[in-house]
Amino acid sequence: MNERYEAQRIEQKWQARWERERLFRTEDDAPGEKFYILEMFPYPSGKLHMGHVRNYSIGDVAARYLRMKGYNVLHPMGWDAFGLPAENAAIKNGVRPDLWTHANIEEMRAQLKTLGISYDWEREIAMCDPEIYRWTQWIFIRFFKAGLAYKKKNPVNWCPSCETVLANEQVIDGHCERCGTAVGKKNLDQWYLKITKYAQRLLDDLDELDGWPANVKLMQRNWIGRSAGAQVDFPVADSDEKIRVYTTRPDTLFGATYMVLAPEHPMVRTLTYKTEYAAQADAFIDRLQHLNDIERSSATLEKEGLFIGRYAVNPLTGAKIPIYIANYVLMDYGTGAIMAVPAHDARDFAFAKKYGLEIIPVVDPGREDIDLYHLEEAFVAEGTMINSGDFNGLNNRDAIREITAYAEKQGFGKATVNFRLRDWLISRQRYWGTPIPMIYCPHCGWVPEKEENLPVLLPEDVEFTGRGESPLTTSPTFRQVACPQCGGPAEREVDTMDTFLDSSWYFLRYCDAGNEGRIFSDASVRKWMPVDQYIGGVEHAILHLLYARFFTKFLCDQGIAPVSEPFTNLLTQGMVLKDGKKMSKTLGNVVSPEEIIVRYGADTARLFILFASPPEKELEWSDAGVEGSYRFLKRVWTFVRRVLEGEKAAGSADGPGHAGETGADARALRYALNTAIKKVSADIGERYNFNTAISAIMELVNAAYKYADTKNAEPALLRETAEKLILALSPFTPHLCEELWECCGHAGSVLSEPWPAWDEKELVLDTEEIALQINGKVRGKFSVPAGLSADALAAYAADTDEARAFTDGKQVVKSIAVPGRLVNIVIK
RNA sequence: GCCGGAGUGGCGGAAUUGGCAGACGCACCGGACUUAAAAUCCGGCGGUUCGCGAGAACUGUACCGGUUCGAUCCCGGUCUCCGGCACCA
């Protein structure tokens with residue numbers, strides 16, 4: 001065995017051997033309970049960053065541990081290969097997006113292999129592969145046929161830098177999720193998926209996801225944004241028209257003193273038609289449209305409105321109330337119209353004050369300090385109904401129910417539910433994505449491509465203009481096609497799909513990655529789904545994770561997927577920081593994984609990244625910390641070498657076989673060994689706390705060094721310690737451990753060894769250290785035979801010299817004993 | 001503004017069910033080995049005060065208060081930071 005730990009040589013040797021022996025291949029019918037562990041697949045940008053290393057190292061520890069525990073583990077990897085960078089490279093450098101992408105995939109796959117992640121590469125998929133995206137198209141057609149995909153002209157989010165539309169989920173604080181440019185609006189004809197039809201189920205089923213972090217579930221809940229209330233119809237005075245509003249406060253209906261329509265509301269035009277107000281309204285709307293999304297929807301924007309010359313009738317009071325348009329009412333929530341109750345809504349209050357509108361209180365807080373008729377701000381809390389006819393005296397919560405019921409009986413309203421969630425806009429005016437497999441026929445309308453003609457291939461004869469229109473329009477051959485229904489001349493859709501569709505089902509394909517005739521076999525997904533453990537960044541809490549749940553539910557309804565929730569357990573790993581900030585090229589604080597691997601080896605990189613912080617927390621990069629991890633691995637190497645050399649020196653006769661020595665030193669090491677294995681098992685298997693698992697192994701190594709230095713150190717016990725140590729460390733630093741395992745004289749891989757067991761008996765000590773507390777303060781320690789009862793322990797404690805010193809001359813009030821831990825004597 | 005989460009040594013972090021705060025690592029300090037250095041091994045390391053010294057006392061988990069024999073952990077309040085949502089009727 002070499003004196004020095006040579007990471008490079010060892011890692012190359014074992015990576016080659018793993019590949020040659022196809023060690024990580026998963027067979028559906030292999031023995032053992034199935035476990036599907038998955039890390040979010042990367043976009044093939046060309047280089048792995050530390051965030052990737054962290055993500056995949058976490059997954060690999062779990063995967064390797066579970067394999068050793070006897071599970072049949074599915075641990076695949078693939079590529080989220082469609083997306084803008086490839087196309088931008090094409091525009092800038094004239095490289096074909098497919099070639100650019102595949103070159104990047106090659107490079108990143110090689111990098112992943114140098115990290116030693118145990119992927120079954122035989123199941124690798126790339127979403128840009130026509131044999132894969134044909135199924136993305138196939139799913140889209142299923143959506144269309146189910147009535148859940150539709151095309152609609154609507155004002156949509158437009159990123160002027162990416163030159164494409166964006167889904168609501170991709171607009172973060174009014175900026176593009178990808179490039180950070182402020183998002184504007186454009187009126188475009190686009191494809192949508194009806195995710196809103198699944199809103200309630202997406203919300204309800206969150207309750208079952210016990211294995212998800214609470215914050216992610218909460219973010220999804222907020223995003224779905226369910227609100228319960230009522231819709232109420234207000235007749236327009238001197239007209240047959242009605243204006244429908246949505247309110248969560250039907251109890252305040254008596255206090256509705258004016259109405260507001262969103263400026264884009266279609267009734268604005270009809271109500272102002274041929275009146276003096278028409279021109280003003282147009283001007284107002286025009287002015288609003290020049291604001292961008294952030295300005296328009298800012299809560300701090302000054303409320304502005306315009307009376308449009310018409311009145312509505314409060315259906316409860318019969319009062320004529322003015323109709324306004326205002327910048328604070330949004331067209332795309334509720335009905336685009338509100339009843340305004342200034343006394344009990346902060347926004348309505350501000351508006352009413354500004355325009356001198358009537359304020360009628362209808363909920364009495366019953367508080368001295370609030371003068372209801374001279375309110376300084378809206379009163380929004382609970383109270384008793386006043387000024388509300390027959391409903392006076394009710395608690396306003398009851399009034400919500402009563403007034404809704406009354407409105408329903410009278411036929412002018414009913415209870416409804418509203419969601420904040422909008423349908424998913426999936427059209428993109430870009431090239432490098434899955435073509436939307438739809439054809440427009442002037443005769444038949446929108447018709448899906450025939451399934452047997454899939455995939456609809458991306459044309460190669462295109463120009464990359466990057467100018468706001470799909471490059472597919474520039475193909476002379478792509479567009480013109482015969483209608484699949486009537487055979488007449490028709491035109492293909494030229495937009496491509498949002499790449500989030502690809503990642504919404506990829507995890508299903510791994511179950512049967514090579515299937516040529518079907519999306520996947522029923523048996524394969526029944527075998528592997530759901531994903532037992534999913535690992536990725538929290539930035540996908542809403543986007544990817546909500547879409548994937550939606551797809552899975554839809555495919556389940558279609559009888560294609562066997563489960564309605566894709567991911568049983570979710571771990572959202574924290575970011576990797578340097579100097580307190582996210583690693584980024586612009587900040588120039590990027591540490592490249594390659595550099596670390598070349599210098600210290602992948603095992604050190606993995607160990608450091610897992611040790612420095614618990615997986616879900618942020619991780620601060622530390623060069624000194626990496627040194628420390630490297631030092632530890634050298635220490636492990638040296639320990640094993642010393643054990644083996646010790647055996648050689650002692651001769652084979654004294655080899656393994658009688659590790660039963662009962663000396664105190666041996667006893668202490670066996671305790672440390674079994675404690676460590678128990679802790680590592682729990683920390684990996686149950687808690688996913690890899691940092692504390694590693695610290696437990698470090699403690700074991702410290703204990704092992706200490707024991708090895710004692711005079712009568714038993715070679716057999718040292719060997720047992722070394723071997724169990726190697727196995728327990730192997731999920732973290734597999735290359736080193738394979739090498740050490742081989743040095744110990746074993747032929748096979750550590751991966752086919754069973755996970756080391758611990759012996760509960762070894763965890764029971766003969767004596768225990770008990771803390772002595774006086775009035776809750778630690779005043780001493782004493783040693784007792786293990787396993788004393790609370791009473792016996794208290795008696796023992798009272799008899800110690802320390803206790804006597806403190807209790808002497810004092811009155812002992814009581815004494816609390818916690819077996820194995822402490823005794824607290826309370827004195828006066 | 002609303003909804004979450006977090007605050008522990010010089011630093012990353014640990015304390016799993018209310019029971020010895022600071023495991024493990026980094027940095028630092030000391031010692032051994034060495035002509036010397038590096039590497040390695042061993043030891044020390046929250047703060048304040050007292051003591052020549054072994055040691056002792058007090059104090060300490062953002063801050064104020066509470067419950068409890070006992071609180072980093074539970075409860076009430078305050079501050080700060082982070083994240084999400086934000087004119088959603």
Side-chain angles (χ1 to χ4, degrees), chain A residues 4 172-174 213-223 225-227 229 245-249 252 260 262 296-303 326-330 332-341 344-348 350-351 418-422 538-539 541-542 577 607-608 611-614 617-629 631-632 634-635 638 679 682-683 686-687 689 691-702 705-706 709 769-781 813-827:
Chain A
R4 279 190 53 234
I172 313 289
D173 279 337
N215 65 327
V216 173
K217 288 193 279 187
L218 193 73
M219 280 161 74
Q220 291 211 354
R221 259 186 208 110
N222 290 342
W223 188 260
R226 183 184 195 272
S227 108
V245 303
Y246 171 74
T247 179
T248 53
R249 294 292 302 276
T252 61
V260 188
R296 172 70 213 282
S297 64
S298 162
T300 52
L301 185 69
E302 168 85 15
K303 291 184 182 28
N327 59 355
Y328 76 99
V329 173
L330 308 172
D332 58 357
Y333 184 77
T335 60
I338 61 156
M339 64 176 209
V341 186
H344 303 294
D345 180 279
R347 296 154 299 179
D348 298 345
F351 191 82
N418 249 294
F419 293 95
R420 220 192 63 112
L421 184 72
R422 301 293 136 76
V538 74
E539 65 273 17
I542 299 172
L577 309 179
L607 187 75
F608 166 73
F611 176 62
S613 191
K617 263 190 85 165
E618 288 176 340
L619 182 149
E620 174 68 35
W621 185 266
S622 152
D623 292 329
V626 176
E627 264 320 319
S629 293
R631 199 176 302 154
F632 171 71
K634 284 192 286 188
R635 211 164 135 78
T638 305
K679 177 148 178 65
D683 282 352
E686 290 154 35
R687 301 207 308 160
N689 271 15
N691 55 327
T692 51
I694 292 167
S695 73
I697 295 173
M698 288 173 168
E699 284 180 81
L700 172 60
V701 171
N702 291 344
Y705 264 80
K706 193 170 251 173
D709 275 345
E769 275 269 286
I770 302 294
L772 174 70
Q773 294 187 343
I774 308 293
N775 288 348
K777 278 186 184 166
V778 178
R779 293 297 182 178
K781 281 179 188 166
V813 180
K814 63 167 144 177
S815 169
I816 295 111
V818 182
R821 295 200 183 267
L822 54 76
V823 175
N824 187 13
I825 298 174
V826 184
I827 58 171

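Below, chains carry the letters A, B, ... as their sequence lines are ordered, and counting in each starts from 1. Keep in mind that what you see is a predicted model, and the values were worked out from it rather than measured.
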Trainee: Does the Lys NZ or Arg CZ of A:Arg420 fall within the cation-pi geometry relative to A:Tyr333 - under 6.0 Å from the ring centre and within 45° of the axis?
Mentor: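 Not flagged: A:Arg420 not positioned over aromatic ring of A:Tyr333.
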Trainee: Can you tell me how far P in B:U61 sits from the matching atom in B:C42, rounded to whole Å?
Mentor: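 After rounding to an integer number of Å, I get 34 Å for this pair.
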Trainee: Could you check how far CG of A:Leu619 sits from P of B:C11, rounded to whole Å?
Mentor: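 Roughly 17 Å, once rounded to whole Å.
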Trainee: Is A:Arg4 near enough to B:A39 that one of its side-chain N or O atoms lies under 4.0 angstrom from OP1 or OP2?
Mentor: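 Checking B:A39 against A:Arg4, no side-chain N or O comes under 4.0 Å of OP1 or OP2.
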Trainee: When rounded to the nearest Å, what value does the distance between P atoms of B:G70 and B:G12 take?
Mentor: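 It comes out at 32 Å once rounded to the nearest Å.
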Trainee: Taking all non-hydrogen atoms of both residues, which atom of A:Val826 and which atom of A:Asn775 are closest, and how far apart?
Mentor: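 Answer, listing the atom of A:Val826 first, then A:Asn775: CA-OD1, 3.2 Å.
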Trainee: Heavy atoms under 4.0 Å, any strand shown: does A:Asn702 hit a base, just sugar-phosphate, or nothing?
Mentor: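 Since only primed, P, OP1 and OP2 atoms lie under 4.0 Å of A:Asn702, the category is sugar-phosphate.
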Trainee: Report the relative orientation of the aromatic rings in A:Phe351 and A:Tyr328; use parallel for angles under 30°, tilted for 30 to 60°, perpendicular for over 60°.
Mentor: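 The arrangement is tilted - the two ring planes meet at 30° to 60°.
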Trainee: Please confirm whether any donor atom in the side chain of A:Asn222 sits under 3.5 Å from an acceptor in the base of B:C85, or the reverse.
Mentor: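 No such pair is found, so the answer is no.
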Trainee: B:A89 phosphate, OP1 or OP2: any side-chain N/O from A:Tyr246 under 4.0 angstrom?
Mentor: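 False: A:Tyr246 side-chain N/O out of range (4.0 Å or more) of B:A89 OP1/OP2.
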Trainee: Report yes if at least one side-chain N or O of A:Arg420 is closer than 4.0 Å to OP1 or OP2 of B:C87; otherwise report no.
Mentor: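 No, no such contact exists.
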Trainee: What is the distance, to the nearest angstrom, from the CG atom on A:Leu218 to the P atom on B:G5?
Mentor: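 It works out to 8 Å between those atoms.
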Trainee: Can you tell me if the side-chain N/O atoms of A:Arg687 get under 4.0 Å from OP1 or OP2 in B:A15?
Mentor: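 A:Arg687 to B:A15 OP1/OP2: side-chain N or O found under 4.0 Å.
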Trainee: For A:Glu769, report the nucleic acid contact type (base, sugar-phosphate, nothing); a contact means any heavy atom under 4.0 Å.
Mentor: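 If one applies the 4.0 Å heavy-atom cut-off, A:Glu769 turns out to touch a base.
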Trainee: Taking only the P atom of each, what is the distance from B:U80 to B:A14 in whole angstrom?
Mentor: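 Comparing P positions in B:U80 and B:A14 gives a spacing of 26 Å.
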Trainee: Remember a base hit wins even if backbone is also touched, and classify A:Arg635 as base, sugar-phosphate or nothing at under 4.0 Å, heavy atoms.
Mentor: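 The residue A:Arg635 makes sugar-phosphate contact but no base contact.
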Trainee: Rounding to the closest angstrom, what is the interatomic distance between B:A21 and B:U59 at atom C1'?
Mentor: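 It comes out at 13 Å once rounded to the nearest Å.
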Trainee: Which is true for A:Asn691 with a 4.0 Å heavy-atom rule: it touches a base, it touches only sugar-phosphate, or it touches nothing?
Mentor: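 Sugar-phosphate contact only - A:Asn691 comes under 4.0 Å of backbone atoms but never of a base.
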Trainee: What contact category does A:Gly225 fall into here, base, sugar-phosphate, or nothing, at under 4.0 angstrom with non-hydrogen atoms?
Mentor: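 No contact at all - A:Gly225 keeps every heavy atom at 4.0 Å or more from the nucleic acid.
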Trainee: What contact category does A:Glu699 fall into here, base, sugar-phosphate, or nothing, at under 4.0 angstrom with non-hydrogen atoms?
Mentor: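 Touches sugar-phosphate only.
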Trainee: Taking side-chain hydrogen bond (donor to acceptor under 3.5 Å, both in side chains) as the criterion, tell me which of A:Asn691, A:Thr692, A:Asn689 meets it with A:Asp683.
Mentor: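 The side-chain hydrogen bond (donor to acceptor under 3.5 Å, both in side chains) with A:Asp683 is passed solely by A:Thr692 among A:Asn691, A:Thr692, A:Asn689.
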Trainee: Let me know the distance between CG of A:Leu700 and C1' of B:C24, rounded to the nearest Å.
Mentor: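 In whole Å, B:C24 C1' lies 13 Å from A:Leu700 CG.
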Trainee: Would you classify A:Leu822 as touching base, sugar-phosphate or nothing, given that sugar-phosphate means primed atoms plus P, OP1 and OP2, and contacts are heavy atoms under 4.0 Å?
Mentor: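 Since a base atom lies under 4.0 Å of A:Leu822, the category is base.
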Trainee: Does a nitrogen or oxygen in the side chain of A:Lys634 sit under 4.0 Å from OP1 or OP2 of B:U40?
Mentor: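 Indeed, a polar side-chain atom of A:Lys634 lies that close.
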Trainee: Donor-acceptor pair under 3.5 Å: do we get one between A:Lys781's side chain and the base of B:C20?
Mentor: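 Answer is yes: a donor-acceptor pair is held.
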Trainee: Just checking A:Val778: base, sugar-phosphate only, or nothing, at a heavy-atom cut-off of under 4.0 Å?
Mentor: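 The answer is sugar-phosphate, as A:Val778 gets under 4.0 Å only of primed atoms, P, OP1 or OP2.
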Trainee: Per the atom types in the model, does the base of B:U59 pair as donor or acceptor with the side chain of A:Lys777 at under 3.5 Å?
Mentor: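 Flag unset: no donor-acceptor pair detected.
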Trainee: Please measure how far the C1' atom in B:G25 lies from the corresponding atom in B:G13, and state the result in whole Å.
Mentor: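 It comes out at 8 Å once rounded to the nearest Å.
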Trainee: Using the C1' atom in both, what is the distance from B:C63 to B:C81, to the nearest Å?
Mentor: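 My reading of the C1' atoms in B:C63 and B:C81 gives 15 Å.
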Trainee: Work out how far the P atom of B:A23 is from that of B:U8, and round it to whole angstrom.
Mentor: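 Going atom to atom, P in each nucleotide, I get 16 Å.
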Trainee: Report the nucleotide, chosen from B:C26, B:G43, B:C20, that has the shortest atom-to-atom distance to any side-chain atom of A:Ala624.
Mentor: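 Looking only at side-chain atoms, A:Ala624 lies closest to B:C26.
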Trainee: Which part of the nucleic acid, if any, lies within contact of A:Gln773, taking any heavy atom under 4.0 Å across all strands shown: a base, the sugar-phosphate backbone alone, or nothing?
Mentor: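 Result for A:Gln773 = base.
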Trainee: Using the C1' atoms only, state how far B:C69 lies from B:G1, rounded to an integer number of Å.
Mentor: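 Per the computed distance, 45 Å lies between those C1' atoms.
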Trainee: OP1, OP2 of B:A89 versus side-chain N and O of A:Thr247: anything below 4.0 Å?
Mentor: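 No, because none of the side-chain N or O atoms of A:Thr247 sits under 4.0 Å from OP1 or OP2 of B:A89.
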